[in-house]
Amino acid sequence: MIKNKHILIYAIYGKQDGIFSQNQLNDLKKIVGKKQFALIDNCSPYSFVDQQCLFLKYIMKWLLNP
């Protein structure tokens, strides 16, 4: 498993995507960790387009402070 090898996992999810239930999102947050999970409002599956500034903010934050 990736986590057992101490490889960090990150996840960005758009709130308006609607694919995952709240329980699934909570499970995902537990798997990747709260600091590596971002839930972006006003955003569909294309978070890098819908909320480009926030998307890049999270990417830069994670790259600079893993």
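Hydrogens, waters and symmetry mates are skipped; everything else that's a heavy atom, side chains included, is used.
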Peer 1: Within the distance-only criterion (no hydrogens, no angle test), does the side chain of Gln51 pair as donor or acceptor with the backbone N or O of Cys43 below 3.5 angstrom?
Peer 2: no
Peer 1: Can you give me the closest heavy-atom contact between Gln36 and Leu8, atom names plus distance?
Peer 2: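 So the minimum-distance heavy-atom pair works out to NE2-CD2, 3.4 Å.
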Peer 1: Measuring from Ser21:OG to Asp27:CG, what's the distance to the nearest 0.5 Å?
Peer 2: 7.5 Å
Peer 1: Hey, could you give me the CD/CG distance between Gln16 and Asn42, rounded to the nearest 0.5 Å?
Peer 2: 5.5 Å
Peer 1: Please state whether the rings of Tyr58 and Trp62 are parallel, tilted or perpendicular, taking 30° and 60° as the class boundaries.
Peer 2: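 Ring orientation of Tyr58 relative to Trp62: tilted.
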Peer 1: Would you indicate whether the side-chain heavy atoms of Phe37 and Leu28 approach each other to under 4.5 Å?
Peer 2: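 Sidechains of Phe37 and Leu28: in contact.
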Peer 1: Mind checking whether Leu63 and Phe55 sit in one hydrophobic cluster, side chains of I, L, V, M, F, W, Y counted as touching below 4.5 Å?
Peer 2: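 Hydrophobic grouping puts Leu63 with Phe55.
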Peer 1: Look only at the side chain of Gln52 and the backbone of Val49, and say whether a donor-acceptor pair between them is shorter than 3.5 Å.
Peer 2: no
Peer 1: Are Ile9 and Leu64 grouped together when hydrophobic residues (ILVMFWY) are joined by side-chain heavy atoms under 4.5 angstrom apart?
Peer 2: no
Peer 1: Any link between Leu39 and Leu54 through a network of hydrophobic side chains (Ile, Leu, Val, Met, Phe, Trp, Tyr) touching at under 4.5 Å?
Peer 2: no
Peer 1: Are Asp17 and Ser44 linked by a side-chain donor-acceptor pair shorter than 3.5 Å?
Peer 2: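 Per modelled atom types, Asp17 and Ser44 side chains form no pair under 3.5 Å.
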Peer 1: Would a 4.5 Å heavy-atom cut-off, applied to side chains only, mark Ile40 and Tyr13 as touching?
Peer 2: no
Peer 1: For the hydrophobic clusters of this structure (ILVMFWY residues joined by side-chain heavy atoms under 4.5 Å, transitively), does one cluster hold both Tyr46 and Ile19?
Peer 2: no
Peer 1: Return the CE to CG distance between Met60 and Asn65, rounded to the nearest 0.5 Å.
Peer 2: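 Nearest 0.5 Å value for the CE-CG distance: 10.0 Å.
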Peer 1: Looking at CD1 of Ile59 and CZ of Phe48, how far apart are the two atoms once the value is rounded to the nearest 0.5 Å?
Peer 2: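 The CD1 atom of Ile59 sits 11.0 Å away from the CZ atom of Phe48.
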Peer 1: Working to the nearest 0.5 Å, report the span between NZ of Lys35 and NZ of Lys61.
Peer 2: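 If I round to the nearest 0.5 Å, the distance is 9.0 Å.
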